[in-house]
**Q** 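Before I ask anything, here is the structure I am working with.
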Amino acid sequence: MSQSKPLLMPWLRTQIDSGRYPGVSWINSQKTEFSIPWKHALRQDSSSVDVLIFKAWAEVSGGGRAQGDPSVWKRNFRSALRAKGFVLEVDNKNDAANPHKVFRWPDQAPPGGSQDQEEVDRFEDLAFPVQEASTDCQVVPCFEGFLPDDAVFLVESPDNPDILEECLRGLNIKPSPDGLVFEPPPEQPQPIQGVIGGDVLPGQLDYPMGFEGAVGGVALPEQPAYAVDGGVGGASVPPMVELFRDTMSKTMVGDHISTHFRVAVYYRGQKVSEQLVENEAGFRLVYRPELSQPILDPKSGLSLVSLPSPRTMLDKTQANLTQRILDKLGEGVEVGVSGPVVYSQRQGEIKAFWSLCKFDRSRTPQEVPKLEPKPLYLFRDFLQGILDFIAGKECPPCSLFFCLGEKWPDLENRPWEKKLIMVEVVLTSLEMLKSLAVGGGASSLQSVELQMSLEEMMELC
């Protein structure tokens, strides 16, 4: 016989009063505000102690057994607080010394039935698939007279990447993950918690993400855009808003956006290959010229994408320099999606640098680290970019650019076309959304409903 599920409010008050959970405490004498540790699973100082309160609620609400992993416990605990009307007062989850959140006790229980019944209705038997979970270098000599004096082939050096904690909430307004972890398609084995680019996704290609029509073929309705009055009743939704929201929903798997990757390779500004990777886990750039198309690496679950041989180049000096970089590429450069984040990690000797813009004029190279994966692009930032676009600013990027073997952008701001090897990675699901936004224009997305949905998703991250 299973245990009955307790009421959240009296249970939580008892736990806070007990003092048995480090960091879980009242912060005012009236006992109306309390603090809870909210540490990211990928932090080096994270431990099982950080999730004790989440696990305790998972056990008592799950009939004596904590279902899922710590990321699920945390998400369901946060969702339970929201359902009961607890208010997030302070969000310091990114604090380096003491990551935590402060909640305010609700004045009264939400209307619409007993606390116990509402808890059961909202959180019983949920099956969420989401999980939380130095610049010194060696210089490889290059041919004089072809590259500038400061152009070098940069190889391995240790680095300490900065791991970010961000998340994305889906348009279906479900609880969202807090962690930076993979979320494979449903019914696949879950990866090891806290591992980005883990070795447990060999089945990713069995569930390719599908879109109806290519990005370039999206048909935009030729109808005038108009604003919608927020309110109840018969307020209609503009066709473009409906299309945008529908397209957004098709890019969602669980609670995060999934995408394919279109990978274009350029040798000194000339496109030499373009391939579509239909593996939503990601891929690795390698040099295996015998590969004519992406193939799945069973060990990592990622696809392997080979850069082409430079032997057909007419300029033999350029071909020799390019070949030297390719020969040292080794296990290559990994690019993938982990939950709500696009990340990258260098596996070989040759250094790689990245940017969100091919015309980057910052003169500040951003290196792809080797020791740990580095978040490059947050889907939350893309959503903020859509909101900014609606407000009249530029549309957000949907591509990443990588330069192999040379610093980029360099101090002289030489154009990307002058670099030996450049790779453009287009996130196809974001490209589709951007195509709709730009094609319809900002005014076509000026809907109260759409803006509130996007803002709510970002606020709850």
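Nothing here was measured: the structure is a model prediction, and the numbers come from that model. The first residue of the sequence shown is numbered 1, and numbering continues consecutively from there.
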**Q** Distance-only, no hydrogens or angles: does the E278 side chain make a donor-acceptor pair with backbone N or O of H260 under 3.5 Å?
**A** no
**Q** Should M240 and L445 be marked as a side-chain contact (heavy atoms from CB on, under 4.5 Å) after you check the CA-CA gap, both sets of side-chain angles, and the distance that decides it?
**A** CA-CA 7 Å; M240 182 55 66; L445 299 178; 3.9 Å; yes
**Q** When you measure from the side chain of D327 to the backbone N and O of L329, does any donor-acceptor pair fall under 3.5 Å?
**A** no
**Q** Within the 3.5 Å criterion, strictly below it, is a donor on E417 or Y266 matched to an acceptor on the partner's side chain?
**A** no
**Q** Applying salt bridge (Lys or Arg N to Asp or Glu O under 4.0 Å), run through D297 and R284 and close with a yes or a no.
**A** CA-CA 9 Å; D297 175 21; R284 269 193 296 120; 3.1 Å; yes
**Q** Does D410 pair with K419 as a salt bridge, N-O distance under 4.0 Å?
**A** yes
**Q** For K358, look at atom NZ and say whether over 12 heavy atoms of other residues, nucleotides or ligands are found less than 6.0 Å away.
**A** yes
**Q** Without swapping roles, check the side chain of S338 against the backbone of V341 for a donor-acceptor pair under 3.5 Å.
**A** no
**Q** Which heavy-atom pair separates L450 from I390 by the least distance, and what is that distance?
**A** CD2-CD1, 4.3 Å
**Q** Do K351 and E367 pass the salt bridge (Lys or Arg N to Asp or Glu O under 4.0 Å) test, and can you show the C-alpha distance, the side-chain angles, and the key distance before you say yes or no?
**A** CA-CA 7 Å; K351 284 191 174 183; E367 184 180 343; 3.6 Å; yes
**Q** Does Y267 use its side chain to pair, donor to acceptor, with the backbone of P308 at less than 3.5 Å?
**A** yes
**Q** Please report the shortest heavy-atom distance between P37 and P22, naming the atom on each side.
**A** CG-O, 3.3 Å
**Q** Kindly indicate, with the supporting measurements, whether the criterion ring pair (Phe, Tyr, Trp, His ring centres under 6.0 Å) is fulfilled by F283 and F261.
**A** CA-CA 9 Å; F283 63 93; F261 310 85; 5.4 Å; yes
**Q** Centre-to-centre under 6.0 Å for F402 and W408, is that the case here?
**A** no
**Q** Would you say Q345 and E334 are linked by a side-chain donor-acceptor pair, where the criterion is simply a distance under 3.5 Å?
**A** no
**Q** Apply side-chain contact (heavy atoms from CB on, under 4.5 Å) to residues I325 and Q323 and explain how you reach the verdict.
**A** CA-CA 5 Å; I325 295 177; Q323 187 67 57; over 6 Å; no
**Q** Shortest non-hydrogen contact from L291 to I295?
**A** CD2-CD1, 3.6 Å
**Q** How about F54 and W38: are their ring centres within less than 6.0 Å of each other?
**A** yes
**Q** Before accepting this row, confirm whether a basic side-chain N of the pair E431/R262 lies closer than 4.0 Å to the acidic partner's carboxylate O.
**A** yes
**Q** Does any N or O in the side chain of K74 come within less than 3.5 Å of the main-chain N or O of K39, such that one atom is a donor and the other an acceptor?
**A** yes
**Q** Looking only at atom types and distance, does a side-chain atom of E349 sit under 3.5 Å from a main-chain N or O of K328, one as donor and one as acceptor?
**A** no
**Q** Okay, side chain of S35, backbone of V24: is any donor-acceptor separation there less than 3.5 Å?
**A** no
**Q** Check for a donor-acceptor pair, side chain of S362 on one end and backbone N or O of D360 on the other, with a separation under 3.5 Å.
**A** no
**Q** Can E290 and R288 be counted as an ion pair, charged N to O under 4.0 angstrom?
**A** no
**Q** Check for a donor-acceptor pair, side chain of D95 on one end and backbone N or O of N98 on the other, with a separation under 3.5 Å.
**A** yes
**Q** Determine whether P396 and I386 make a side-chain contact, defined as any pair of heavy atoms from C-beta on separated by less than 4.5 Å.
**A** yes
**Q** Tell me the closest heavy-atom pair linking Q366 and S355, and the distance in Å.
**A** NE2-CA, 4.3 Å
**Q** For the pair S429 (side chain) and S258 (backbone), establish whether a donor and an acceptor sit closer than 3.5 Å, ignoring hydrogens and angles.
**A** yes
**Q** For residues Y377 and F382, determine if any side-chain heavy atom of one lies less than 4.5 Å from a side-chain heavy atom of the other.
**A** yes
**Q** If you apply the rule side-chain contact (heavy atoms from CB on, under 4.5 Å), what do you find for S344 with V333, and how did you get there?
**A** CA-CA 7 Å; S344 185; V333 178; 3.6 Å; yes
